[in-house]
2 protein chains.
Amino acid sequence: MVKIDEVARAAGVSISTVSYALSGKRPVSAETRRRIQAAVHELGYSPNAGARMLAGSQTNIFALSEPLRADSHAPSHMSFMHAMTVAARRKEYDMLLLTDEDASAGMKRVAQSGLVDAILVLDVAPDDARVEIARASATPTIFVGIPNDHEGLVCVDLDFEHATVEAVDRLADAGHRAVGLIGGSERAYEKSNFPSRVRAALSERATERGMSAVSVASGPVVTDRSQVRRSVRRFVENGVTGIVLHAPEEVLQVVLVELAALGKSVPGDVSIVSVGSSFDTDAQPTPIDSIPLVPQSSCELAVDLAIELIAGRPVASGLHLIAPTYLERGSVAPVPSA
Amino acid sequence: MVKIDEVARAAGVSISTVSYALSGKRPVSAETRRRIQAAVHELGYSPNAGARMLAGSQTNIFALSEPLRADSHAPSHMSFMHAMTVAARRKEYDMLLLTDEDASAGMKRVAQSGLVDAILVLDVAPDDARVEIARASATPTIFVGIPNDHEGLVCVDLDFEHATVEAVDRLADAGHRAVGLIGGSERAYEKSNFPSRVRAALSERATERGMSAVSVASGPVVTDRSQVRRSVRRFVENGVTGIVLHAPEEVLQVVLVELAALGKSVPGDVSIVSVGSSFDTDAQPTPIDSIPLVPQSSCELAVDLAIELIAGRPVASGLHLIAPTYLERGSVAPVPSA
DNA sequence: TTGAAAGCGATACCAC
DNA sequence: GTGGTATCGCTTTCAA
């Protein structure tokens with residue numbers, strides 16, 4: 001394991017110059033820097049992590065607190081974990097995993113031992129125990145998702161309410177008079193407080209636009225396709241021509257199959273918009289308009305905010321909402337003239 | 001951030017005694033240890049991670065190399081990552097995440113910087129680039145899964161071959177004369193070399209037991225249920241009464257639905273055994289006999305082996321196969337007397 | 001623009 | 001059974 005003094009010797013400079021050349025915290029002449037970089041490359045030097053932490057009081061490690069509840073949607077979680085880790089690496093940070101059975105204790109431990117510079121919290125529940133720990137800790141903490149009580153916290157999320165409004169508006173603009181919502185399972189409404197915000201925003205906006213709204217929460221995906229199909233049938237019977245979907249990929253597929261079974265085409269007879277999904281609505285048999293929840297966006301923002309906090313720069317505590325982006329895929333069309 | 005000397009002062013001992021009391025590497029009188037523990041608790045002390053790494057040359061961190069390929073099965077991956085992280089924590093280790101775009105570079109980096117004590121490799125491909133890196137590195141590395149060329153490596157996995165043999169034997173013992181295999185997607189056969197071992201073991205054992213074997217790889221799960229259904233129909237037409245399933249949960253569900261549609265009952269008409277699945281075959285509408293791939297088992301073994309290597313204790317390089325466990329759930333019954 | 005040297009906070013050797 | 005202290009490899013002040 002090659003050390004900094006070997007690099008210094010090889011480059012014919014002092015240890016401190018090597019350190020500065022690598023960190024860029026002090027100007028180093030072009031020629032000297034070149035020699036140092038050559039030596040670094042030559043010897044395959046990378047600074048000892050422990051020594052760096054100790055001397056620099058920065059670890060370049062984030063903790064990712066990721067409670068894996070039995071009912072969480074694995075593919076979405078993976079996307080977020082992955083996006084977060086990649087975003088961190090782009091900023092030279094590594095990612096340490098904190099599991100659920102360890103969430104509270106783990107957050108304390110990594111903070112107290114100075115193992116990490118900041119904590120990133122995924123899969124935030126409305127009533128999340130980690131909120132209190134974050135408040136009690138001096139370690140910068142960013143929530144991806146929004147707990148009910150987010151006073152003084154830094155939270156990142158998609159702006160679901162505006163996304164929903166946008167979705168309703170698109171349908172209204174296309175002349176649709178009745179809109180239906182296919183939401184997630186009942187459990188989803190306890191796990192996160194956004195499904196209910198979507199539902200509320202939809203009702204409100206539909207009313208404002210003079211539409212009638214029918215909202216339905218779908219049952220647990222795999223075990224209860226029939227409930228989703230029932231909802232779709234009810235929509236059709238009630239003259240709903242616009243559907244807003246806030247649910248996983250599997251549910252969309254059931255919806256599409258059922259519509260086809262009822263002889264309804266998309267967007268010929270029924271228009272669909274997906275809100276806040278993190279799967280690719282473009283890769284569906286029928287591409288679907290979407291206002292996606294893009295893990296990369298949330299995660300990059302979260303990482304940037306963490307870095308600001310670490311640097312001691314001011315960050316507005318409160319909600320950092322990501323503006324929705326509407327992706328047209330041709331699944332919204334004017335309502336058929338009855 | 002409270003330091004060791006404050007604890008020492010509070011307990012009225014020297015810092016070395018505190019260190020020894022905490023590490024247990026030197027006997028400390030009961031009374032002294034009690035006072036130290038009290039002080040630790042009182043002050044909320046936890047040792048500085050950087051200092052510890054530097055002085056002790058142990059980091060108590062593992063790296064988890066987890067290439068997230070687009071076609072990987074998210075729920076299984078999550079199970080493994082989670083199980084591995086939990087197993088590590090039980091041994092006082094934290095887990096650092098290495099992503100795919102970083103796999104090779106990341107492994108080198110964390111090894112060279114002394115950030116981790118060992119590397120755990122998940123989702124091993126038959127022809128895995130990480131094999132070479134492991135060979136070139138002095139950092140202990142454990143593979144969960146088996147690359148084709150595993151010379152000199154330490155690999156952990158379920159003993160799929162014996163598991164398959166056991167499954168075939170159960171069916172043979174129950175009098176079944178023809179056995180069918182529902183495997184994963186074609187891609188699965190490239191991603192890991194176990195699906196093909198299962199297939200080979202099945203053919204061989206079936207022959208040994210005087211059975212006829214029909215092997216079928218199912219298509220990509222979601223987009224091609226029809227292929228699975230076709231296979232099931234073919235099985236029934238060909239008089240197959242015993243099915244070995246080596247595929248994800250979704251495939252099992254399709255199989256069960258199709259059998260029902262064909263008027264076949266389980267285990268009345270057809271017997272089924274699942275091999276190497278990591279979902280709960282007991283939670284299915286029809287519970288299924290299973291020789292499960294238990295993430296906990298693999299991960300605990302991997303962690304134990306890593307610790308052995310770190311401690312400098314000898315570990316047999318080569319395959320560490322986990323003995324299969326057969327779980328009876330009533331899905332295997334004597335072949336109906338035609 | 002560069003160098004010397006004082007820490008950072010533990011661990012573990014050497015004494016007692 | 002306990003204490004003093006050199007040491008780990010870097011960062012960063014202070015000097016030049």
Side-chain angles (χ1 to χ4, degrees), chain A residues 1-37 39-40 43-61 92 109-115 117 310-312, chain B residues 1-37 39-40 43-61 92 109-115 117 310-312:
Chain A
M1 216 136 280
V2 34
K3 307 186 301 179
I4 198 173
D5 59 336
E6 309 181 37
V7 175
R9 208 169 314 126
V13 295
S14 73
I15 288 180
S16 51
T17 300
V18 174
S19 178
Y20 284 120
L22 263 38
S23 71
K25 292 187 180 171
R26 191 167 87 171
V28 168
S29 78
E31 165 58 9
T32 306
R33 186 172 37 249
R34 206 197 47 66
R35 288 216 315 282
I36 291 175
Q37 272 156 357
V40 165
L43 303 173
Y45 168 74
S46 46
N48 179 280
R52 210 171 187 181
M53 293 185 198
L54 184 55
S57 61
Q58 282 236 357
T59 68
N60 279 275
I61 302 176
E92 302 274 70
R109 185 172 50 80
V110 295
Q112 288 203 337
S113 64
L115 219 196
D117 294 335
I310 292 168
Chain B
M1 215 134 283
V2 34
K3 308 185 302 180
I4 197 171
D5 59 337
E6 309 181 38
V7 175
R9 208 170 313 123
V13 295
S14 72
I15 62 173
S16 52
T17 300
V18 173
S19 178
Y20 285 120
L22 264 39
S23 71
K25 292 187 181 174
R26 192 168 85 171
V28 169
S29 78
E31 165 59 11
T32 306
R33 185 172 40 248
R34 207 198 45 69
R35 288 215 316 281
I36 291 175
Q37 271 155 358
V40 165
L43 303 173
Y45 167 77
S46 46
N48 179 281
R52 211 170 188 184
M53 292 184 198
L54 185 54
S57 62
Q58 282 237 353
T59 69
N60 278 274
I61 302 176
E92 304 271 71
R109 185 173 48 80
V110 295
Q112 288 202 337
S113 64
L115 218 197
D117 294 334
I310 292 168

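Below, chain A is the first sequence line, B the second, and so on; all start at residue 1.
- Within 4.0 Å (heavy atoms only), A:Ser57 reaches no atom of the nucleic acid at all.
- Checked against C:dC13, C:dT1, C:dG9, the side chain of B:Tyr20 finds its nearest nucleotide in C:dC13.
- Distance from the side chain of B:Ser16 is smallest for D:dT5 among the nucleotides D:dT2, D:dC8, D:dT5.
- With distances taken from any side-chain atom of B:Arg52 to the nucleotides D:dT12, D:dC10, C:dA10, the minimum falls on C:dA10.
- With hydrogens and angles ignored, no donor-acceptor pair closer than 3.5 Å exists between the side chain of B:Arg33 and the base of D:dG1.
- Residues B:Arg34 and B:Glu31 are paired through a salt bridge, judged by an N-O separation under 4.0 Å between the basic side chain and the carboxylate.
- Residue contacts shown for B:Ser29 are limited to sugar-phosphate atoms, with no base heavy atom under 4.0 Å away.
- If you measure from atom NZ of A:Lys3 to atom P of D:dT11, you get 14 Å, rounded to the nearest angstrom.
- Checked against D:dC10, D:dG3, D:dT5, the side chain of B:Ile15 finds its nearest nucleotide in D:dT5.
- Side-chain contact between A:Asp5 and A:Arg9: present, with at least one pair of heavy atoms (C-beta onward) separated by less than 4.5 Å.
- Distances were taken from every side-chain heavy atom of B:Pro27 (C-beta onward) to each of D:dG1, D:dC10, C:dG9; the shortest belongs to D:dG1.
- With distances taken from any side-chain atom of A:Val13 to the nucleotides C:dT11, D:dC10, C:dG3, the minimum falls on C:dG3.
- Closest to the side chain of B:Pro47, out of D:dG3, C:dA10, D:dT11, is C:dA10.
- The base of D:dT2 sits within donor-acceptor range of the side chain of B:Arg26, with an N or O pair under 3.5 Å.
- Closest to the B:Ala55 side chain, of the nucleotides C:dT2, C:dG9, D:dT12, is C:dG9.
- Distances were taken from every side-chain heavy atom of B:Ser14 (C-beta onward) to each of D:dG3, D:dT12, D:dT11; the shortest belongs to D:dG3.
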